[in-house]
Protein chains: 2
Amino acid sequence: MKLSTKGRYAVTAMMDLAIHDTDGPVTLSDISNCQGISLSYLEQLFAKLRQAGLVDGVRGPGGGYRLGKPPQLISVADIIMAVDESIDSTRCKGNLDCNKGERCLTHHLWNDLSDQLYDFLNEITLSEFIKNPEVRKISQRQDTTASRIANMFPPRSIAS
Amino acid sequence: MKLSTKGRYAVTAMMDLAIHDTDGPVTLSDISNCQGISLSYLEQLFAKLRQAGLVDGVRGPGGGYRLGKPPQLISVADIIMAVDESIDSTRCKGNLDCNKGERCLTHHLWNDLSDQLYDFLNEITLSEFIKNPEVRKISQRQDTTASRIANMFPPRSIAS
DNA sequence: TAATTCCTTACTAATTTACTAGGGATTATA
DNA sequence: TATAATCCCTAGTAAATTAGTAAGGAATTA
């Protein structure tokens, strides 16, 4: 389990998708503008998210990305694992003769802690962020990605 | 909240100190050997841990580091915060006009999540690792840093 | 005094993060 | 069909962080 800005980018981007999932695909350029990350870097992150089955790409005008699964099946841990390659906690691989060949006690403890952290983040799914009524309120108050997409099309084409 | 190998080094090192706290100071060279980290890098990490008041240095032969507070007052979050400078989650600082000047919704959500993560790691203290009976067993089964330190002194000086 | 340890600084190597550039593939719309 | 918008892919590079090397000083024990 590792947690860096890379992981944060992925999580916030996925939050964006989750919140606007019912309003059609979200474009990377929207996320890029909103979060101040370069478009191409986002594309690289989303390549990993796509490989993990967490998002689906929709090409062409009006396209973008949408969630690859129902939001209640996508945990924060899933997202972080997809983009933040985990750290190897086994540095003393028997060779170092650390503590008479036994694996370092602290490594054992670290793994326990790391597992707990994983379980914690695995219980938090994207659906939490949608359900929260306060979140909804904030979401509606803002000029969201969804509404900006909507504005791209003339009223008639939406009504039809 | 950020979590990298750097933070793991610090946490496992502090676990080591906590487990052997009653047996006198733990030297960095012991930790260096056990965990396969360079001595000088450990020294840099411990400089930060010392600044945060999490450890006390004891100079001279037989010296080393010991906990700066009782283990039940040192949380995993404390340790990580001391060495892993936290990430700034506010990239769109109003300038980007993200969502009509409002702070990005996802940043708000991220901060909530980050706070939850902090609270989680802040409730896990070093005393957990000492109390755990299985941990004690493993600790005693191994040639621990403590016993290696003990072996440095002749039996009589321990008895006295 | 000599050895052992912490303590500090400066520099460098390795790795990861983030970005730039260029192009291709797909698709909605005109 | 043409065009534009989007995803998609690769290669390279800049910036930041992580990790290590080197050198020495300060405190303390024996």
Side-chain angles (χ1 to χ4, degrees), chain A residues 2-10 13 17 24-33 35-51 54-66 68 80 83-88 91 145 148-149 151-154 156-158 160, chain B residues 2-10 13 17 24-33 35-51 54-66 68 80 83-88 91 145 148-149 152-154 156-157 160:
Chain A
K2 182 182 169 184
L3 186 56
S4 63
T5 49
K6 202 171 169 181
R8 179 168 65 80
Y9 291 159
L17 261 59
V26 176
T27 66
L28 289 191
S29 59
D30 273 336
I31 297 175
S32 173
N33 288 332
Q35 302 205 12
I37 315 166
S38 88
L39 181 59
S40 209
Y41 189 47
L42 270 177
E43 285 177 337
Q44 286 167 42
L45 294 184
F46 270 77
K48 291 186 178 181
L49 293 174
R50 204 168 57 89
Q51 281 166 27
L54 299 180
V55 296
D56 284 331
V58 180
R59 296 195 191 189
Y65 283 97
R66 54 164 56 117
I80 292 174
V83 298
D84 257 338
E85 43 273 0
S86 62
I87 52 186
D88 57 336
R91 256 216 166 184
T145 307
R148 264 183 277 124
I149 287 177
N151 288 338
M152 284 168 51
F153 303 97
R156 205 167 26 180
S157 74
I158 285 181
S160 65
Chain B
K2 182 183 170 184
L3 186 56
S4 63
T5 50
K6 202 170 168 183
R8 179 167 65 81
Y9 290 159
L17 260 60
V26 176
T27 67
L28 290 191
S29 58
D30 272 338
I31 297 175
S32 173
N33 288 333
Q35 301 204 12
I37 315 166
S38 86
L39 180 59
S40 209
Y41 191 46
L42 270 176
E43 284 175 339
Q44 289 168 41
L45 294 183
F46 270 77
K48 292 187 177 180
L49 293 173
R50 204 168 58 89
Q51 282 167 25
L54 299 180
V55 297
D56 284 330
V58 181
R59 296 192 192 191
Y65 282 97
R66 55 164 55 117
I80 292 173
V83 299
D84 257 337
E85 44 273 1
S86 63
I87 54 187
D88 57 336
R91 257 215 164 183
T145 308
R148 265 182 277 124
I149 287 177
M152 285 168 52
F153 303 97
R156 204 167 31 183
S157 71
S160 67

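Fair warning: this is a prediction, and the values are worked out from it, not measured in the lab. Heavy atoms only: backbone and side chains are in, while hydrogens, waters and symmetry mates are out. The chains referred to below are lettered A, B, ... by the order of the sequence lines, with proteins before strands, and numbering in each begins at 1.
In terms of phosphate contacts, B:Tyr65 brings a side-chain nitrogen or oxygen within less than 4.0 Å of OP1 or OP2 of C:dC7. In this model, the phosphate group of C:dT17 is approached by a side-chain N or O of A:Ser4 to a distance below 4.0 Å at OP1 or OP2. In terms of phosphate contacts, B:Arg66 brings no side-chain nitrogen or oxygen within less than 4.0 Å of OP1 or OP2 of C:dC6. Within the structure, every side-chain polar atom (N or O) of A:Lys48 is placed at least 4.0 Å from both OP1 and OP2 of D:dC8. Of the side-chain N and O atoms in B:Lys2, none sit less than 4.0 angstrom from OP1 or OP2 of D:dA16. A:Tyr9 has a side-chain polar atom (N or O) that falls below the 4.0 Å cut-off from OP1 or OP2 of C:dA18.
As rounded to whole Å, 14 Å separates atom C1' of D:dT6 from atom CG of A:Asn33. Atom CD of A:Gln35 is separated from atom P of C:dA18 by 12 Å (rounded to the nearest Å). Atom CG in B:Leu45 sits roughly 16 Å away from atom P in C:dT9 (whole-Å rounding). Note: CZ (A:Phe46) to P (D:dT6) measures 14 Å, nearest angstrom. Regarding B:Ile37, its CD1 atom lies at a distance of 16 Å from the C1' atom of D:dT21, rounded to whole Å. Taking atom CG of residue A:Leu3 and atom P of nucleotide C:dT17, one finds them 11 Å apart after rounding to whole Å. Computed from coordinates, the B:Arg50 CZ to D:dA27 P distance equals 12 Å when rounded to whole Å. The CG atom of B:Leu39 sits 13 Å away from the C1' atom of C:dT8 (whole-angstrom rounding).
A residue-by-residue look at A:Gly57 and B:Lys6 shows that A:Gly57 has its nearest nucleotide of DNA chain D further toward the 5' end. Comparing B:Arg59 and B:Val83, the nucleotide of DNA chain D nearest to each residue sits closer to the 5' end for B:Val83.
The side chain of A:Pro61 lies closest to D:dA4, out of D:dC9, D:dA4, C:dT8. Comparing C:dC7, D:dA19, D:dC8 against the side chain of B:Thr5 picks out D:dA19 as the nearest. The side chain of A:Ser38 lies closest to C:dC19, out of C:dC19, D:dT18, C:dC7.
The minimum heavy-atom distance linking A:Val58 with A:Arg66 is given by the pair CG2-NH1, 4.1 Å. The two residues B:Val83 and B:Leu49 have their closest heavy-atom pair at CG1-CD2, 3.9 Å. Closest approach of A:Asp84 and A:Leu3 over heavy atoms only: OD2-CA, 3.8 Å.
A donor-acceptor contact under 3.5 angstrom links the side-chain atoms of B:Ser40 to the base of D:dT21. You'll find a donor-acceptor pair under 3.5 Å spanning the side chain of B:Gln44 and the base of D:dG20, going by distance alone. Counting atom types as modelled, A:Glu43 pairs a side-chain N or O with a base atom of D:dC9 as donor and acceptor under 3.5 Å.
Between B:Gln35 and B:Arg8, the closest side-chain pair of non-hydrogen atoms is not below 4.5 Å. Taking 4.5 Å as the limit, some side-chain heavy atom of A:Lys6 sits within range of a side-chain heavy atom of A:Glu85.
Looking at heavy-atom distances under 4.0 Å, A:Glu85 makes contact with sugar-phosphate atoms alone, never a base. The residue B:Leu28 sits close only to the backbone: its heavy atoms come under 4.0 Å of sugar-phosphate atoms, none of a base.
Ring-plane geometry between B:Phe46 and B:Tyr65 is classed as tilted, the angle between the planes lying from 30 to 60 degrees on a 0 to 90 degree scale.
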